[in-house]
Protein chains: 2
Amino acid sequence: MAPAARPPTIPTDPGRRVRSRRGEGESLREEVLAAAERLLVAAGNEDAVSIRAVAAAVGVSPAAIYLHFPDKDALMSAVCGRVFRMFDAALEEAAAGATDPIDDLFRRARAYVRFGLANPGQYQIIFLTKKEGGRLADVPWEERPGAEAYAHLVAAVQRAMDAGALRPDDADLVATGLWMCVHGVTSLLLTLPSFPWPSVEALVCHVVQAQLRGLAAPPAPARGRPPRGGSPRA
Amino acid sequence: MAPAARPPTIPTDPGRRVRSRRGEGESLREEVLAAAERLLVAAGNEDAVSIRAVAAAVGVSPAAIYLHFPDKDALMSAVCGRVFRMFDAALEEAAAGATDPIDDLFRRARAYVRFGLANPGQYQIIFLTKKEGGRLADVPWEERPGAEAYAHLVAAVQRAMDAGALRPDDADLVATGLWMCVHGVTSLLLTLPSFPWPSVEALVCHVVQAQLRGLAAPPAPARGRPPRGGSPRA
DNA sequence: TGTACATCAGTGAACGCGCGTTCACTGATGTAC
DNA sequence: TGTACATCAGTGAACGCGCGTTCACTGATGTAC
């Protein structure tokens, strides 16, 4: 790795930004968040988002970022929040035209993968970057960004069960399982782009279809189940 | 992020290494690879593996690494090769006692997730780090590290189909789908450790069981399949 | 209407860090004569 | 057996880089009197 092969420095210097008028200092905050997302889009990679790169993209000194975010962690958390809202909106929009609960789940699955492939940088910061505590450590999960999108999925699963399209089970467990499947598809496609994958469409359909079909079938003999069965929480 | 919160510098300075005797220079190469893996284990994180950290762990100057590896990319590739061999061995060993082809697939799935959770650093460099060309760009997939493990999975799927335990289908597509499911489980568990997951055992069983059951059932109406069906390669 | 002053929205330069990589060098060791 | 020499297996110091973060500062602008 030559030093020159570092994360590509994106020359986004639109010149100096004009200083906000008095009382309008908050406008920089929004510009910073927008710039961070632009960097994610342009590079498709989280590494492109550094305090200095964001400051340069906005046309401001690095120190100015600290007027609105206590540290880089806080900035990234705020960006995550924005991205999660986009992500949730994309899934909700896709599911809006569903004809039945299974179609709903299919649409969500396809929209999920599509979002990840179309927004690799964004997908990376919300689902491929280890969140080890940081500033969200004390926030209960239900209040973290992303919780809403997850709740929507659980509800969709529950509707499918209520309609008899899926066998009754722990909707939370089933939703988590579906999430993991589509995440697996998305993240491997992003991480190993040169593997000879089947077409994305075929892959998503195959995986989701198999999963849903397995979830629709009547309970089979408890092959491979843990000793006492059920789905104990950790 | 305070500068002090950088990737934890692991104080592995076992003092100076004694210089190899003439003609035995190659021994350093193995020591370097072993040290890189030790760093992965200790930190559970790829970031801990830098040329300088490895050199320090071996007890040698950073420049000495370049006597055996042209650059960092080459070192990481070599580490990947080692890890893939361990990974494949773990899966083969787990599958060895299988009583039937479905049990075989279950055992592989469990061993896969177990490997990832027990070796997060190693899992990260083989499956969670983007391989965008680098020195493996020209190597055909069949010769890359990891190809063997994948081939073993495809063979196991084929055996299950031959035995009638899975409906006949493209074994490659089915294997890829299973891989993606277990990868999804493993990588989300590693990446979002603070999410309120169900127990790992329950999760793996649920996902794999649903998937295999869906793959065993007779073909359903082509709900959600791409226009012309089939599984076209990209 | 004029002026002193407080405050806001930043700037500029520096801090120390770890990184990958290069390059001139050194000292021990085996070998040819 | 002795000695000059080539080679091997490294070392040490430096290169330039980008990073997150801090801190003393500045200049425009609104406001109170």
Side-chain angles (χ1 to χ4, degrees), chain A residues 1-13 15-32 35-36 39 43 45-77 134-135, chain B residues 1-13 15-32 35-36 39 43 45-77 134-135:
Chain A
M1 255 176 274
R6 287 281 181 96
T9 301
I10 299 165
T12 16
D13 184 2
R16 282 287 168 80
R17 171 179 176 271
V18 291
R19 187 181 286 241
S20 296
R21 300 257 291 281
R22 250 189 130 163
E24 297 173 5
E26 281 305 300
S27 72
L28 177 55
R29 191 189 150 90
E30 280 309 306
E31 289 179 51
V32 165
L39 289 173
N45 187 339
E46 185 183 6
D47 294 352
V49 184
S50 66
I51 293 277
R52 302 174 99 103
V54 170
V58 174
V60 112
S61 78
I65 306 292
Y66 291 88
L67 297 173
H68 298 279
F69 302 93
D71 54 25
K72 197 191 175 185
D73 241 36
L75 170 57
M76 296 313 281
S77 291
R135 64 191 42 260
Chain B
M1 252 177 275
R6 287 284 180 97
T9 301
I10 299 164
T12 16
D13 185 3
R16 281 291 168 80
R17 170 179 177 271
V18 292
R19 185 181 287 242
S20 296
R21 300 257 292 282
R22 248 190 131 162
E24 296 173 6
E26 281 305 300
S27 72
L28 176 55
R29 190 190 151 89
E30 280 308 306
E31 288 179 51
V32 164
L39 288 173
N45 186 339
E46 184 182 9
D47 293 353
V49 184
S50 66
I51 292 277
R52 302 175 99 104
V54 171
V58 174
V60 110
S61 77
I65 306 292
Y66 291 89
L67 297 173
H68 297 279
F69 301 92
D71 54 25
K72 197 190 175 188
D73 240 37
L75 169 58
M76 297 313 283
S77 290
R135 66 190 42 262

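Chain A is the first sequence line, chain B the second, and so forth, proteins listed ahead of strands; every chain is numbered from 1.
Distance A/Phe69 CZ to D/dT22 P: 16 Å, rounded to the nearest Å. Regarding A/Ile65, its CD1 atom lies at a distance of 15 Å from the C1' atom of C/dG12, rounded to whole Å. The distance from atom CZ of B/Arg52 to atom C1' of D/dC15 is 11 Å, rounded to the nearest whole Å. In this structure, CD1 of A/Ile51 is placed 11 Å from P of D/dT22, rounded to the nearest angstrom. To the nearest angstrom, C1' of D/dC8 lies 11 Å from NE2 of B/His68. For the pair B/Tyr66 OH and D/dG12 C1', the computed distance is 15 Å after rounding to whole Å. Here D/dG18 presents its P atom at 15 Å from NZ of A/Lys72, a figure rounded to the nearest Å. To the nearest angstrom, C1' of C/dG10 lies 14 Å from CD of A/Glu26.
Summarising the geometry of A/Asp71 relative to A/Tyr66, their closest heavy-atom pair is CA-CE2, 4.1 Å, with the distance given to 0.1 Å. The two atoms that bring B/Ser27 and B/Arg17 nearest to each other are OG-NH2, 3.3 Å, heavy atoms only. Of all non-hydrogen atoms in B/His68 and B/Arg29, the two that sit nearest each other are O-NH1, 3.6 Å. Nearest heavy-atom pair, A/Val58 versus A/Ala35, reported as atom, atom and distance to 0.1 Å: CG2-CB, 3.5 Å. Minimum interatomic distance between A/Val32 and A/Phe69 (heavy atoms only, all atoms of both residues): CG1-CE1, 3.7 Å.
Applying the side-chain hydrogen bond (donor to acceptor under 3.5 Å, both in side chains) rule to B/Ser61 yields no partners; only residues at least two apart in sequence or on another chain are considered.
In this structure, the separation between NZ on A/Lys72 and CZ on A/Arg52 is 11.5 Å, given to the nearest 0.5 Å. For the atom pair CD of B/Glu26 and CG of B/Leu67, the computed distance is 10.0 Å after rounding to the nearest 0.5 Å.
Proximity of B/Arg16 to the phosphate of D/dG12: a side-chain N or O atom is located under 4.0 Å from OP1 or OP2. Look at B/Ser20 and you won't find any side-chain N or O under 4.0 angstrom from OP1 or OP2 of D/dC8.
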- What pattern of brackets, bars and dots sums up DNA chain D from 5' to 3', given Watson-Crick or G-U wobble pairs under 3.5 Å, [ ] for crossing pairs and | for another strand? .||||||||||||||||||||||||||||||||
Show each protein N/O and nucleotides 23-29 of chain C N/O combination with a separation under 3.5 Å, one pair to a line.
from	atom 1	to	atom 2	distance (Å)
C/dT29	O2	B/Arg22	NH1	2.4

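Of the residues near DNA chain D, A/Ser50 and A/Pro70, the one whose nearest nucleotide (by heavy atom distance) lies more toward the 5' end is A/Ser50.
The residue B/Ser61 sits close to a base: some heavy atom pair falls under 4.0 Å.
At distances below 3.5 Å, not a single donor-acceptor pair connects side-chain atoms of A/Asp73 with backbone N or O atoms of A/Met76.
Nearest to the side-chain atoms of B/Val60 among the listed nucleotides C/dT11, D/dG20, D/dG10 stands D/dG10.
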